[in-house]
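Written below as structure tokens is the structure these notes are about.
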Amino acid sequence: MTSIAIVGAGPQLGLAIARTFGSRGFDVALISRSREKLDDLVGKLTAEGVTAAAFPADVLDRDALGRALKDAATRFGGIDVLEYSPVGTFGVTTLTAPAETEPSQVEFEMNFQLYGAIAATKAVLPAMRASGAGTLLYTTGAGSIEPDPRVANVNAAAAALRNWAINLHNELTGTGIQAAHIGIDVSIGTAVIPGLPTARPEQISPVYWELHTTRRDQAERVFSL
């Protein structure tokens, strides 16, 4: 049986990705901070016939994140696909303009986005190398590509993650392992940034399946309307 681990799983895009892969026979490991919210997602997927399990961990706690992924690999016999897309919450993530940005505000986002992604990758990549197969998918907002001055600190860290993910894709060429970046140029579900169009998560999740299956040569996809 094949499996996907979704880091930053939530009721919008994370659940849609889980359904996209789960409906095609994948077991689903859901990772985020809240056990209660994860259990709700597991309940929804189980009711739809998808095998899913919760592995609570905070991406800012790299040891806990690594343990969660190793526990998921033990539960499901390995991790075939890693999807990394944690999203900050208002009150936790401060959005800053470029000239107002403090180093600490970028540092927090780097820990949240880039360093968490690196930690998650190091937990699953050795087994993928050993098997000669696997997929690593990293999600950011499209500000990683076309910066938006309203969210400068988030964009800076997202751009770093994008750069690293594309570099990883290039490094892994020929190994059987796919790594790719997905830039989301919409608000998901409800409008967050004025002027940005809104899409349903079910419109976006097929991009992840394509990068895993038919578009493994691509290092990046941008979803926009």
Side-chain angles (χ1 to χ4, degrees), residues 1-10 12-32 41 45 48-53 55 65 68-69 72-73 75-87 113 116-142 144-145 161-162 164-186 188 199-224:
M1 185 65 77
T2 49
S3 64
I4 180 171
I6 301 172
V7 180
Q12 297 274 358
L13 183 59
L15 181 57
I17 294 170
R19 284 171 167 156
T20 294
F21 281 78
S23 65
R24 292 165 171 83
F26 274 67
D27 294 333
V28 178
L30 301 172
I31 300 172
S32 71
L41 298 179
L45 292 167
E48 296 169 13
V50 176
T51 299
F55 301 90
L65 177 57
L69 285 162
R75 170 73 177 271
F76 293 128
I79 299 296
D80 301 281
V81 179
L82 171 70
E83 193 279 320
Y84 187 87
S85 57
V87 176
Q113 296 195 59
I118 291 173
T121 302
K122 289 182 73 67
V124 301
L125 183 55
M128 291 182 178
R129 284 190 182 276
S131 67
T135 298
L136 304 160
L137 302 173
Y138 308 93
T139 304
T140 72
S144 62
I145 306 164
L161 175 53
R162 173 185 181 246
W164 181 80
I166 293 173
N167 251 340
L168 183 62
H169 173 90
N170 295 335
E171 179 189 356
L172 294 174
T173 298
T175 66
I177 303 168
Q178 155 72 322
H181 167 254
I182 300 93
I184 308 296
D185 195 19
V186 295
I188 302 173
R200 300 187 313 276
E202 294 78 14
Q203 293 175 272
I204 304 169
S205 59
V207 169
Y208 295 79
W209 182 253
E210 291 167 4
L211 285 168
H212 172 60
T213 55
T214 59
R215 302 198 178 192
R216 294 183 65 82
D217 60 324
Q218 295 188 1
E220 181 172 71
R221 293 283 302 278
V222 177
F223 182 90
S224 61

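Remember, predicted model here, so these are calculated numbers, not experimental data.
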Taking only residues two or more places apart in sequence or in another chain, which ones pass side chain to side chain contact (heavy atoms under 4.5 Å, CB included) with Ala68? Ile31, Phe55, Ala57

Determine the minimum heavy-atom distance between Ile177 and Ala133, stating which atoms define it. CG1-C, 4.0 Å

If we only count heavy atoms from C-beta on, is the His181 to His169 side-chain gap below 4.5 Å? no

Can you measure from CD (Gln12) to OG (Ser205) and round to the nearest 0.5 angstrom? 11.5 Å

Answer yes or no: is there a side-chain heavy-atom contact under 4.5 Å between Leu137 and Ile17? no

Looking only at non-hydrogen atoms, find the nearest pair between Ala180 and Gln178 and report the distance. CB-NE2, 3.7 Å

Closest heavy-atom pair and its distance - Tyr84, Gln113: CE2-O, 3.4 Å

Does a side-chain heavy-atom distance below 4.5 Å link Ile145 with Glu220? yes

Rounded to the nearest 0.5 Å, what separates atom CD in Glu202 from atom CG in Leu13? 9.5 Å

In Å, rounded to the nearest 0.5 Å, how long is the span from CZ of Phe21 to CD1 of Ile4? 4.0 Å

Please name all residues satisfying side chain to side chain donor-acceptor pair (under 3.5 Å) with Gln203, sequence neighbours left out, ordered by chain then number. none

Which side-chain N or O atoms in residues 119-129 pair as donor and acceptor under 3.5 Å with protein atoms at least two apart or in another chain?
residue, atom, partner, partner atom, Å
Thr121, OG1, Ala117, O, 2.7
Thr121, OG1, Tyr138, OH, 2.6
Arg129, NH2, Glu171, OE2, 3.4

Listed by chain and number, what are the side chain to side chain contact (heavy atoms under 4.5 Å, CB included) partners of Val50, not counting sequence neighbours? Val28, Leu45

Distance check, rounded to the nearest 0.5 Å: Arg221 atom CZ versus Ile184 atom CD1? 10.0 Å

So which heavy atom on Phe76 is nearest to which on Ser3, and how close? CB-CB, 3.9 Å

Test item: side-chain donor near acceptor, Thr135 and Arg216, under 3.5 Å: yes

Leu172 and Ala179: which non-hydrogen atoms are nearest, and at how many Å? CD1-CB, 4.2 Å

First locate atom CG of Asp80, then atom OG1 of Thr2, and finally report the distance between them rounded to the nearest 0.5 Å. 5.5 Å

Within the side chain of Glu83, is there an N or O that forms a donor-acceptor pair under 3.5 Å with the backbone of Ala18? no

Might you point out which heavy atoms bring Ala72 and Ile79 nearest each other, and give the distance in Å? CB-CD1, 3.9 Å

For Tyr208, what residues pass the side chain to side chain donor-acceptor pair (under 3.5 Å) criterion, not counting sequence neighbours? Thr139

Qualifying residues under side chain to side chain donor-acceptor pair (under 3.5 Å), relative to Ser32, sequence neighbours excluded: none

Nearest-0.5 Å distance, CD1 of residue Ile118 to CG of residue Leu65: 12.0 Å

